Amino acid sequence: MIKLHDLEFEPFISEGEITEAIDRISGELNQKYKHEKPVFLGVLNGSFMFASEVIKRFEGDCEVSFVKLGSYEGTETTGNVKTLIGLNQELEGRQVILLEDIVDTGNTLVEIDEILKKAKVKDYKVATLFFKPEAYKKNVPVEFKGLEIPNKFIVGFGLDYDGLGRNLTQVYKRKENEMTNLVLFGPPGAGKGTQATILKDKYQLVHISTGDVFRFNIKNQTELGLSAKSYMDKGQLVPDEVTINMLKAEVEKNADAKGFIFDGFPRTEAQAEALSEYLESRGTKVDAMIALEVEDEILVERLLERGKTSGRPDDANENVVKNRIKVYYNETAILKNYYQKKDRYFGVNGVGSIEEITERLSGVIDQLMK
Ligand code: AMP
């Protein structure tokens, strides 16, 4: 394993596999273009190693030139391609072979396609060392592909992470994050908050309760609090977009966490999708949804009892309490199905003493963290 800046990378493609792929591409290029006096056009910076290897193996006359474009910032492609060094060679009527280290979304290729068409080349073909079929969204044909790889962030053999790693002679991929992320699930009053407070200490996880974050914002009269209050007072859900953005901000505040207990989130399928996509982008995932199962009559009783001391207006009014439970069944309960389909749903009996319930939840978590 290696570390570049803040991220860890693990070995992914060996030097031998890379050499084999380059030998194969070079064989094809020799066969087709040996007598065409092609211009090899390398795309900087990443392709310098691949370009050098291909050009060394080329058996006919050729010329070599480079262009430089950029679309990456960190590990995310920005989709915004800038020409940093343009063509400095007459290419009209020439056979061009474009040498790319990696074809990912294809944004760079589209840009170069335009440049080469403007330059009136006779023909051009794309040769890339690495190709990400899942990420490629464009129509520019990619004729010569070294190795097809999944949609992972890689470094080495010319490719970098924020400037580092280009000198590595083999390829590494970003190490998957080994967090434990739990969704604590169940209707209002099931005891999620109580249990989350115990479990976060026991397993050293960060507890994010979206309800608590909203209440904190209401108390401090922030813009977020003001926009959430009217929904909460009626026992309705705060709109997804607001909630999702807030959750992301909370996760980002705790970037070093060993994992999270999400309490009160997700509550809709859109939130579940957004969470999964977001965690994926951070190299991690939801490991399990653990649900506290409690019957409705007990819930209403518990919430009204809690309302006497919690100071929460949405606990004190029986109609609001009932509406929260209704909203749960209408909008949130389907998530059981969502996580069941992924084999990540674990139901736990939520009736009993606090200790008993902690014990049951711990049984599931211990199994997951093994
Ligand atoms: P809770 O403390 O989890 O019972 O949440 C209290 C209230 O905050 C809910 O009734 C909603 O109005 C709002 N809320 C909390 N979490 C979410 C969420 N994930 N999506 C939408 N609204 C939420």
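Numbering of ligands and ligand atoms starts at 1, following listing order. Remember, it's a predicted structure, so these values are computed and weren't measured experimentally. Along the sequence shown, residues are numbered consecutively beginning with 1.
Under the 6.0 Å distance and 45° angle rule, K175 does not count as a cation-pi partner of F9.
With a heavy-atom cut-off of 4.0 Å, R312 touches ligand 1 through its side chain alone. Within the 4.0 Å heavy-atom criterion, neither part of K192 lies near ligand 1. At a heavy-atom distance under 4.0 Å, only side-chain atoms of T243, from C-beta outward, approach ligand 1.
Scanning for side chain to side chain contact (heavy atoms under 4.5 Å, CB included) contacts around E280 gives an empty result, with sequence neighbours left out.
For atom 10 (O) of ligand 1, the closest non-hydrogen atom of the protein is Q236 O, 4.0 Å. Nearest non-hydrogen protein atom to atom 20 (N) of ligand 1 is Q271 NE2, 2.9 Å. Of the protein's heavy atoms, M232 CE, 3.6 Å lies nearest to atom 7 (C) of ligand 1. The single protein non-hydrogen atom nearest to atom 5 (O) of ligand 1 is R267 NH2, 3.5 Å, given as residue, atom name and distance. Here the protein heavy atom with the shortest distance to atom 23 (C) of ligand 1 is F214 CE1, 3.7 Å.
Taking the six-membered ring for Trp and thresholds of 30 and 60 degrees, F185 and Y328 have ring planes inclined between 30 and 60 degrees apart.
Residues N349 and E293 have side chains that never bring a donor and an acceptor to within less than 3.5 angstrom of each other.
Residue F40 is tested with F58, F48, Y33 for a ring pair (Phe, Tyr, Trp, His ring centres under 6.0 Å); the sole match is F58.
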